[in-house]
Amino acid sequence: MGVPLEKLPAWPIAMTRLEALAYTRVSEAQMREWQKRGAVRFCARGTNGALLVQRSELDVAVADLFATSVAEDLDFG
């Protein structure tokens with residue numbers, strides 16, 4: 001069923017960490033992994049030095065999650 005489209009927020013072009021986690025719905029561990037490899041970069045540009053990330057970086061990182069094959073994700077060897 002899901003949330004009706006009119007109930008979804010209009011996401012800003014730059015987001016705090018909590019907003020980015022809500023936007024992508026990934027785990028904190030996944031966000032840290034993206035940061036570690038440079039897929040997303042948080043910069044101190046927000047109010048009172050808040051760290052912000054560009055929505056476009058989050059979109060690319062999420063798209064990459066779905067671009068990898070399930071077989072690759074399940075290969076533990």
Side-chain angles (χ1 to χ4, degrees):
M1 195 134 130
V3 177
L5 291 178
E6 62 273 4
K7 298 279 186 181
L8 292 175
W11 295 100
I13 196 164
M15 299 177 217
T16 64
R17 182 175 208 80
L18 287 177
E19 291 167 336
L21 288 167
Y23 177 70
T24 60
R25 297 185 176 189
V26 300
S27 67
E28 179 66 39
Q30 179 64 65
M31 190 67 68
R32 281 193 309 270
E33 190 272 326
W34 285 342
Q35 281 185 267
K36 184 177 178 180
R37 65 179 170 92
V40 297
R41 295 170 294 127
F42 286 85
C43 300
R45 298 289 187 263
T47 306
N48 298 321
L51 297 175
L52 300 177
V53 63
Q54 290 184 56
R55 184 179 65 212
S56 59
E57 289 184 3
L58 297 169
D59 291 341
V60 169
V62 169
D64 286 348
L65 279 180
F66 289 92
T68 59
S69 93
V70 174
E72 290 175 23
D73 290 343
L74 298 176
D75 182 14
F76 300 109

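Across every non-hydrogen atom of Trp11 and Glu19, the tightest pair is CZ3-O, 3.8 Å. The minimum heavy-atom distance linking Ala44 with Gly49 is given by the pair CB-O, 3.6 Å. The minimum heavy-atom distance linking Leu58 with Ala20 is given by the pair CD1-CB, 3.7 Å.
With rounding to the nearest 0.5 angstrom, the OG1 atom of Thr16 is 9.5 Å from the CG atom of Leu51. The CD1 atom of Ile13 lies 11.5 Å from the CG atom of Leu52; values are rounded to the nearest 0.5 Å. The distance from atom CG of Leu21 to atom CD of Gln30, rounded to the nearest 0.5 Å, is 10.5 Å.
The shortest distance between side-chain heavy atoms of Thr24 and Trp34 falls below 4.5 Å.
In the hydrophobic cluster analysis, where Ile, Leu, Val, Met, Phe, Trp and Tyr join through side-chain heavy atoms closer than 4.5 angstrom, Val62 is grouped together with Phe42. At a threshold of 4.5 Å between side-chain heavy atoms, the hydrophobic network of Ile, Leu, Val, Met, Phe, Trp and Tyr places Val53 and Leu65 in one connected group.
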### Query
Under the side chain to side chain contact (heavy atoms under 4.5 Å, CB included) criterion, do Arg17 and Val40 qualify, and how do the steps go?
CA-CA 11 Å; Arg17 182 175 208 80; Val40 297; over 6 Å; no
